[in-house]
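These notes concern the structure reproduced below.
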There are 2 protein chains.
Amino acid sequence: MGRVSIKDIASKIGVSTATVSLVLNGKDKLGRVSEQLSKKIRETAKSMNYKPNGFAKALRSGRSETIGLVVADISNPFFAHLAFHIQEHADRYGYSVIITNTNESPKKMEKMVSILKYRQVDGFIIVPTENGSRCIEELHENKIPVVLLDRYFPEIPSDYVGVDNFHASMKATEHLLKLGCKKIALITYKTTLRHAQERRDGYVSALAGCDLYDSRLIKEVNHSTIVEDINRSVQELILGDNKIDGFFFTTNTISSIGLKKLKEMQINVPEDIKTVCFDKIESFDFSTIPFVQQPIPEMGKQAVDIVVDRIRNGNPSPVHIELKAELIV
Amino acid sequence: MGRVSIKDIASKIGVSTATVSLVLNGKDKLGRVSEQLSKKIRETAKSMNYKPNGFAKALRSGRSETIGLVVADISNPFFAHLAFHIQEHADRYGYSVIITNTNESPKKMEKMVSILKYRQVDGFIIVPTENGSRCIEELHENKIPVVLLDRYFPEIPSDYVGVDNFHASMKATEHLLKLGCKKIALITYKTTLRHAQERRDGYVSALAGCDLYDSRLIKEVNHSTIVEDINRSVQELILGDNKIDGFFFTTNTISSIGLKKLKEMQINVPEDIKTVCFDKIESFDFSTIPFVQQPIPEMGKQAVDIVVDRIRNGNPSPVHIELKAELIV
DNA sequence: CTGAAAGCGCTTACAG
DNA sequence: CTGAAAGCGCTTACAG
């Protein structure tokens with residue numbers, strides 16, 4: 001037995017494929033098909049175990065009911081959780097999700113977007129890499145729905161879902177101040193990505209407010225040489241003249257590496273030095289370390305809602321959603 | 001401008017779509033199409049920025065060049081890493097991967113498999129849930145290539161890629177013995193899944209070998225009530241009459257929760273009690289805790305290799321691959 | 001209320 | 001060496 005098609009159902013009952021299609025797509029109301037026939041078709045389809053062919057549908061209708069998700073690295077817990085919630089939520093709308101990784105490379109991002117375009121995804125949810133704006137603009141030019149997630153390019157108006165990085169970072173830094181820290185170091189990525197700058201700005205604002213800002217306490221690290229860069233930065237900061245008493249790590253990865261280095265140097269947290277970080281690091285043992293908790297399920301939900309809305313209803317003016325992130329102490 | 005199709009190229013050059021298709025699929029050798037025309041077609045396709053329509057291709061050929069991946073939970077680092085490597089490797093073959101989650105529910109597994117079937121994936125890579133064998137058998141009956149990953153059902157012969165759980169667990173337990181432990185507890189899932197039993201058997205064998213086996217030291221926990229179950233088990237074991245001096249945790253999740261509980265109880269690891277676990281837990285601070293390291297990239301690669309081979313060359317007798325897992329101390 | 005027919009973009013026997 | 005044509009399974013104007 002081959003696969004059951006709409007034609008098989010039609011010929012079995014003795015009606016046209018058009019009628020079957022109509023019924024099976026729920027377009028039989030509005031005085032189209034008689035209640036009786038409609039029921040018969042539905043029952044026959046079920047009994048024959050009919051499954052629609054997605055490709056034929058997609059080819060004909062131009063829609064694939066698939067969303068392309070582009071993240072930096074699915075094995076990073078932050079993105080893995082985002083992906084999880086995006087899938088769960090997309091599932092409710094009947095959309096599948098194809099997940100791809102960029103490893104923070106704009107080249108790879110272009111490649112993945114192109115693969116997903118080839119797969120005819122109806123829309124994109126993208127965590128863009130640095131220097132990846134061209135790729136996003138192209139999507140816009142082609143009128144393909146895309147919502148940026150976590151990061152955005154201020155120069156190109158797009159739908160975006162993220163958190164209020166500035167205030168979250170400010171709160172995080174203020175927390176260290178409240179604990180009595182006077183010399184708070186920042187370790188962040190060297191990047192032009194706006195969300196990273198916002199985190200930095202939040203830190204700067206908090207410190208500038210009480211005259212504790214010192215640019216020498218800011219260390220920027222490169223994604224490609226992250227371990228060495230962080231190790232060197234932490235070492236310099238700790239062994240230098242400034243008596244560092246606090247650290248703000250701007251991502252979970254930076255946090256993990258930084259804390260490890262501190263441990264290696266036999267610096268106890270939080271006894272010798274206080275720290276706070278952005279995103280949870282997957283370690284029960286540091287559950288005592290305060291961190292900025294992004295509302296991951298909500299971020300995923302919003303991103304899906306928007307992209308599905310764009311797919312179905314076209315592209316009005318883009319929305320820029322900044323959710324609140326909570327400091328968990 | 002609409003999308004460029006094979007027809008556009010054909011009419012622009014003045015040849016048939018058949019010829020264009022032949023050339024663009026690399027079937028122009030063997031004295032089919034003249035070198036010159038072939039070149040012209042290729043160049044024109046490129047200049048017109050032709051992208052083949054995947055759905056038309058899939059509809060016509062019956063192949064989607066997509067692999068369906070079914071895991072328990074993409075936000076678990078073990079599966080996230082597996083997914084990452086599966087994608088990277090599948091990409092080399094030109095296959096996309098759709099990832100779905102089951103949350104260890106056979107119901108959800110059936111649903112996901114059915115969604116992926118609807119998406120017409122060419123083959124499956126599945127980390128099956130308990131009681132999920134029926135679903136796998138159905139795939140077999142329908143001659144759809146499927147390779148099981150991490151877990152398998154001994155009663156149904158299928159392609160499978162996993163690790164040698166028995167010996168890995170034995171080694172892990174022996175490590176604790178070498179450290180001088182006499183009362184080693186096991187915390188594992190209450191499940192009929194064979195790989196979990198193998199881990200248990202490895203533990204039992206190691207202990208039985210030196211007459212230290214004591215069934216009261218084995219605690220089984222349920223997936224749905226895992227935190228309470230582990231907390232209770234650890235507490236009972238520690239506060240009971242047996243002077244537990246070692247723990248073997250059979251998964252990363254169990255490990256995390258167990259270690260957390262130990263910390264809560266102010267038991268120091270490894271001073272007061274030694275532990276070893278299966279899979280790495282994402283915590284730099286416990287880098288000192290020995291763990292069984294599964295060869296995740298290799299597992300992903302093998303699974304992809306097999307499923308692609310099955311898709312392309314049909315289904316000979318199934319292979320059962322058990323890779324070695326290393327104990328990292 | 002229902003059917004005949006075109007067409008989405010491709011591949012693949014078949015004929016020349 | 002190349003083309004005309006059928007057909008994959010569906011949807012959707014159009015006609016009745």
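Just so we're on the same page: letters track the sequence lines, and every chain starts at 1.
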Polar side-chain atom of A:S75 near backbone of B:F84 as donor-acceptor pair, under 3.5 Å: no
A:T191: partners by side-chain contact (heavy atoms from CB on, under 4.5 Å), with sequence neighbours left out: A:E130, A:Y189, A:L193, A:A196
Under the side-chain hydrogen bond (donor to acceptor under 3.5 Å, both in side chains) test, which residues partner A:E104, sequence neighbours left out? A:R151
Any pair counted as ring pair (Phe, Tyr, Trp, His ring centres under 6.0 Å), so long as it reaches residues 39-82 of chain A, sequence neighbours left out: A:F55-B:F55
Heavy atoms only, 4.0 Å cut-off, all strands: where does A:G54 land among base, sugar-phosphate and nothing? nothing
Atom-to-atom span, CG of B:L22 to P of D:dA4 - whole angstrom: 15 Å
Taking only residues two or more places apart in sequence, or in another chain, which ones meet B:D122 in a salt bridge (charged side-chain N to carboxylate O under 4.0 Å, His left out)? none
Would you be so kind as to tabulate the donor-acceptor pairs closer than 3.5 Å made by side chains of residues 297-313 of chain A, with sequence neighbours excluded?
{"from": "A:E298", "atom 1": "OE2", "to": "A:Q302", "atom 2": "NE2", "distance (Å)": "2.9"}
{"from": "A:K301", "atom 1": "NZ", "to": "A:D305", "atom 2": "OD2", "distance (Å)": "2.9"}
{"from": "A:D305", "atom 1": "OD1", "to": "A:H89", "atom 2": "NE2", "distance (Å)": "3.0"}
{"from": "A:D305", "atom 1": "OD1", "to": "A:Y93", "atom 2": "OH", "distance (Å)": "2.7"}
{"from": "A:D309", "atom 1": "OD1", "to": "A:N313", "atom 2": "ND2", "distance (Å)": "2.5"}
{"from": "A:R310", "atom 1": "NE", "to": "A:D159", "atom 2": "OD2", "distance (Å)": "2.8"}
{"from": "A:R310", "atom 1": "NH2", "to": "A:D159", "atom 2": "OD1", "distance (Å)": "2.8"}

Reading 5' to 3' and counting Watson-Crick or G-U wobble pairs with both distances under 3.5 Å, write the dot-bracket notation for DNA chain C, | for bases paired outside the strand. |||.||||||||.|||
Looking only at side-chain N and O atoms, does B:S16 come under 4.0 Å of OP1 or OP2 in D:dT2? no
With sequence neighbours left out, what residues match B:E138 under salt bridge (charged side-chain N to carboxylate O under 4.0 Å, His left out)? none
Determine, for nucleotides 5-10 of chain D in 5'-to-3' order, which nucleotides have protein heavy atoms under 4.0 Å from the base (write B), from only the sugar-phosphate (write S), or from neither (write -). -BBBBB
A:Y152: partners by side-chain hydrogen bond (donor to acceptor under 3.5 Å, both in side chains), with sequence neighbours left out: A:E198
